[in-house]
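Remarks on the structure that follows.
Sequence positions, counted from 1, serve as the residue numbers for this chain.
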Amino acid sequence: MGKDGRGLDHLMEQNETELDFLSAYGGVDDGKKGDGHALLSALQRFLRAGGLETDLNDSTLNFAWGSARVEDDGCRLVVSGEHLPLVDSDLMVAGFSDGHLNAERSEVSVLLTAWSMEQRRFVERLVEHHADA
């Protein structure tokens with residue numbers, strides 16, 4: 001290894017306590033419990049950036065077609081609508097836990113444990129679906 005061989009590993013060791021915080025901004029999912037408050041904040045920023053009005057009350061975020069709330073292990077997202085553009089396998093990706101899609105595909109409930117590209121794309125699909133409805 002050259003002099004830069006320790007680079008990323010060394011940086012991650014030095015800043016290990018900050019990784020949960022960074023997960024709210026994307027890309028860090030080490031299998032630990034999610035920080036529900038950080039995930040809720042990231043979700044709120046993402047929805048607002050998509051043009052949705054949100055209402056935050058304590059640890060619950062409400063928006064036109066769903067809600068999210070802080071739980072011990074992450075952030076529970078619940079969305080309702082006709083013919084949601086989802087299948088069960090969408091809920092089995094890293095960063096999701098305890099996902100349920102009803103048979104009519106009109107309601108989904110999933111615990112977000114990370115905020116990475118998978119979660120952003122999942123929410124983006126729901127935003128697009130409701131904008132087209």
Side-chain angles (χ1 to χ4, degrees):
M1 278 191 182
K3 66 179 183 177
D4 294 326
R6 290 183 6 158
L8 181 58
D9 290 336
H10 181 68
L11 182 62
M12 289 175 67
E13 284 175 21
Q14 282 182 325
N15 297 297
E16 187 172 329
T17 58
E18 296 178 27
L19 291 179
D20 287 339
F21 172 78
L22 292 174
S23 69
Y25 296 96
V28 177
D29 181 10
D30 58 4
K32 294 182 180 176
K33 295 179 183 179
D35 178 342
H37 290 284
L39 291 164
L40 187 70
S41 293
L43 177 61
Q44 182 181 30
R45 285 190 303 275
F46 192 78
L47 291 173
R48 283 183 175 171
L52 263 73
E53 289 187 29
T54 62
D55 177 39
L56 182 62
N57 265 334
D58 194 29
S59 296
T60 301
L61 179 69
N62 293 297
F63 45 98
W65 34 266
S67 65
R69 72 178 182 278
V70 173
E71 292 189 3
D72 290 342
D73 296 339
C75 176
R76 170 76 51 192
L77 176 64
V78 179
V79 172
S80 298
E82 288 188 35
H83 309 292
L84 295 175
L86 303 172
V87 294
D88 289 330
S89 62
D90 291 325
L91 308 173
M92 297 176 194
V93 178
F96 292 117
S97 179
D98 192 31
H100 303 283
L101 178 64
N102 71 359
E104 297 81 29
R105 291 188 8 238
S106 62
E107 183 172 282
V108 64
S109 172
V110 65
L111 186 68
L112 305 178
T113 60
W115 187 252
S116 68
M117 185 56 81
E118 288 83 7
Q119 286 72 38
R120 290 190 296 273
R121 182 62 191 134
F122 179 85
V123 174
E124 184 177 48
R125 284 170 45 204
L126 293 169
V127 169
E128 289 170 357
H129 175 74
H130 284 89
D132 293 340

What residues, two or more places apart in sequence or in another chain, satisfy side chain to side chain contact (heavy atoms under 4.5 Å, CB included) together with [X]?
| X | value |
| --- | --- |
| S97 | L111, T113 |
| V93 | F96, E118 |
| E82 | none |

* To do: Measure the spacing between CG of L86 and CG of L126 and express it to the nearest 0.5 Å.
  =>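 So the CG of L86 and the CG of L126 are separated by 5.0 Å.
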* If you measure from CG on D73 to CG on L112, what distance do you get to the nearest 0.5 Å? ->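 D73 CG to L112 CG: 12.5 Å, rounded to 0.5 Å.
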How would you list, by chain and number, every residue that makes a side-chain hydrogen bond (donor to acceptor under 3.5 Å, both in side chains) with [X], sequence neighbours excluded?
| X | result |
| --- | --- |
| R105 | none |
| S80 | E107 |
| H100 | D98 |

* Asked: Are E128 and R125 close enough for a salt bridge, meaning some N to O gap below 4.0 Å?
  ->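 R125 and E128: not salt-bridged.
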* H130 vs L84 side-chain heavy atoms within contact, under 4.5 Å ->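 The answer is yes; the side chains approach within 4.5 Å.
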* **side chain to side chain contact (heavy atoms under 4.5 Å, CB included) evaluation trace for V108 with N102** => CA-CA 7 Å; V108 64; N102 71 359; over 6 Å; no
* **Pairs involving residues 41-62, ordered by first then second residue, that meet ring pair (Phe, Tyr, Trp, His ring centres under 6.0 Å) (sequence neighbours left out)** =>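 Applying ring pair (Phe, Tyr, Trp, His ring centres under 6.0 Å) to every pair that reaches into residues 41-62, excluding sequence neighbours, yields F46-W115.
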* Which pair of non-hydrogen atoms, one from A94 and one from Q119, has the smallest distance, and what is that distance? ->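 Smallest heavy-atom distance, with atoms named: O-NE2, 3.0 Å.
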* Kindly give the heavy-atom pair with the smallest separation between R76 and S109, and that separation in Å. =>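 Taking R76 first and S109 second, the nearest heavy atoms are CD-OG, 3.1 Å.
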Listing, residues 54-70 side-chain donor-acceptor contacts under 3.5 Å, not counting sequence neighbours, or none:
{"from": "T54", "atom 1": "OG1", "to": "Q44", "atom 2": "NE2", "distance (Å)": "3.2"}
{"from": "T54", "atom 1": "OG1", "to": "R48", "atom 2": "NE", "distance (Å)": "3.3"}
{"from": "R69", "atom 1": "NH2", "to": "E71", "atom 2": "OE2", "distance (Å)": "2.9"}

